[in-house]
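Here the structure comes first, spelled out in structure tokens, and everything after it is commentary.
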Protein chains: 2
Amino acid sequence: MSKYLIYIVNKVFKALNDQTRREILNLLKEKDLTAGDIAEAFQITKPSISHHLDILSQAELVTYRKQGQFVIYSLNTTVLDDLMKWIITLKD
Amino acid sequence: MSKYLIYIVNKVFKALNDQTRREILNLLKEKDLTAGDIAEAFQITKPSISHHLDILSQAELVTYRKQGQFVIYSLNTTVLDDLMKWIITLKD
DNA sequence: TAGGTATTTAGACAAATATCTAAATAATAA
DNA sequence: TTATTATTTAGATATTTGTCTAAATACCTA
């Protein structure tokens, strides 16, 4: 288990340890969404959602691009491969 | 995504969101260990380790059996399959 | 430029969590 | 029984985390 993988896995577990953030990822699985679109899907405030998006972004579970005044978020599944690697290592 | 799976995945993510608990699982991957053996592998106190073992046990990531005055812990990988299922669902 | 919309940042606060020490429980050995 | 060893439980505390409101930033449009 490389130090790099341990570092990534730590961040990813932190990011995934929240129901709201996991639901955000599930929304983004269907299609890219603006921060506002995502916020509307939940009962919590926009600043809170923005904070969740920041955590997901730091864990590289989402990427974003600016389009005018909007910020569009996309799911990024590449780190999930690292997570799977960690789990499989535990299993065998 | 069934309610049952969501419930399990939530507990498993909670349990795995800690470096010490992840290291405990890695130790148990090699062989079954008593609570005391596990505690000796870390700098933190026995009560703290006991608490971590309780959280891992609640998430069904470990099982335990009593043997005299000792409590022997074992890794249980069955819930990891549920976790993998959750991740794969996100990926495709 | 002025006003409006989208989003983030800053700062505060309550709840959750990881840790500790001290005490309790359970099993063994003398 | 008494003492010893293994482990957990209880209660306290400091840190982390999720949430909020208010303010700042960034972009667009008239």
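Note that these values count all heavy atoms, side chains included, but never hydrogens, waters or copies made by symmetry.
- Side chain of B:Ile55, nearest nucleotide from C:dC20, C:dA18, D:dC20: C:dA18.
- Distance, B:His52 NE2 to D:dT7 C1': 16 Å, rounded to whole Å.
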Between protein and nucleic acid, restricted to nucleotides 4-8 of chain C and to nitrogen or oxygen atoms under 3.5 Å apart, what atom pairs and distances do you find?
from  : atom 1 : to      : atom 2 : distance (Å)
C:dT5 : O2     : A:Gln69 : NE2    : 3.0
C:dT7 : OP1    : A:Ala35 : N      : 3.3
C:dT7 : OP1    : A:Val71 : N      : 3.3
C:dT7 : OP2    : A:Gly36 : N      : 2.6
C:dT8 : OP1    : A:Tyr73 : OH     : 2.6
C:dT8 : OP2    : A:Ser50 : OG     : 2.9
C:dT8 : O5'    : A:Ser50 : OG     : 3.3

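- For the pair B:Leu33 CG and D:dT7 P, the computed distance is 11 Å after rounding to whole Å.
- The distance between atom CG of A:Leu56 and atom P of D:dG18, rounded to the nearest whole Å, is 10 Å.
- Across B:Lys29 and A:Thr89, no two heavy atoms sit closer than the pair NZ-O, 2.9 Å.
- Atom-to-atom distance recorded for A:Leu16:CG and B:Asn10:CG is 11.5 Å, nearest 0.5 angstrom.
- A donor-acceptor pair under 3.5 Å links the side-chain atoms of A:Asn76 to the main chain of A:Glu60, judged by distance alone.
- Residues B:Leu53 and B:Tyr73 come closest through the heavy atom pair CD1-CE1, 3.6 Å.
- Note on A:Asp18: only backbone sugar-phosphate atoms sit closer than 4.0 angstrom, heavy atoms only; bases stay farther off.
- Here the shortest heavy-atom pairing between B:Ala35 and B:Ile49 reads O-CG2, 4.4 Å.
- Between A:Gln43 and A:Lys66, it is A:Gln43 whose nearest contact on DNA chain D lies nearer the 5' terminus.
- In terms of modelled atom types and a separation under 3.5 Å, the side chain of B:Thr34 and the main chain of B:Asp37 share a donor-acceptor contact.
- Rounded to whole Å, the distance from CD on B:Gln19 to P on D:dT16 is 15 Å.
- With sequence neighbours left out, B:Lys46 forms a side-chain hydrogen bond (donor to acceptor under 3.5 Å, both in side chains) with no residue at all.
- In this structure, A:Asp54 atom CG and D:dG18 atom C1' are separated by 13 Å, rounded to whole Å.
- A donor-acceptor pair under 3.5 Å is absent between the side-chain atoms of B:Arg22 and the main chain of A:Val9, judged by distance alone.
- Here D:dT5 presents its P atom at 14 Å from CD of B:Glu40, a figure rounded to the nearest Å.
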Any N/O pairs under 3.5 Å between the protein and nucleotides 11-16 of chain C? List them or say none.
none

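- Clustering ILVMFWY residues whenever any of their side-chain heavy atoms sit less than 4.5 angstrom apart, transitively, puts B:Met84 in the very cluster that holds A:Ile8.
- At the phosphate of C:dT19, neither OP1 nor OP2 sits under 4.0 Å from any side-chain N or O atom of B:Thr45.
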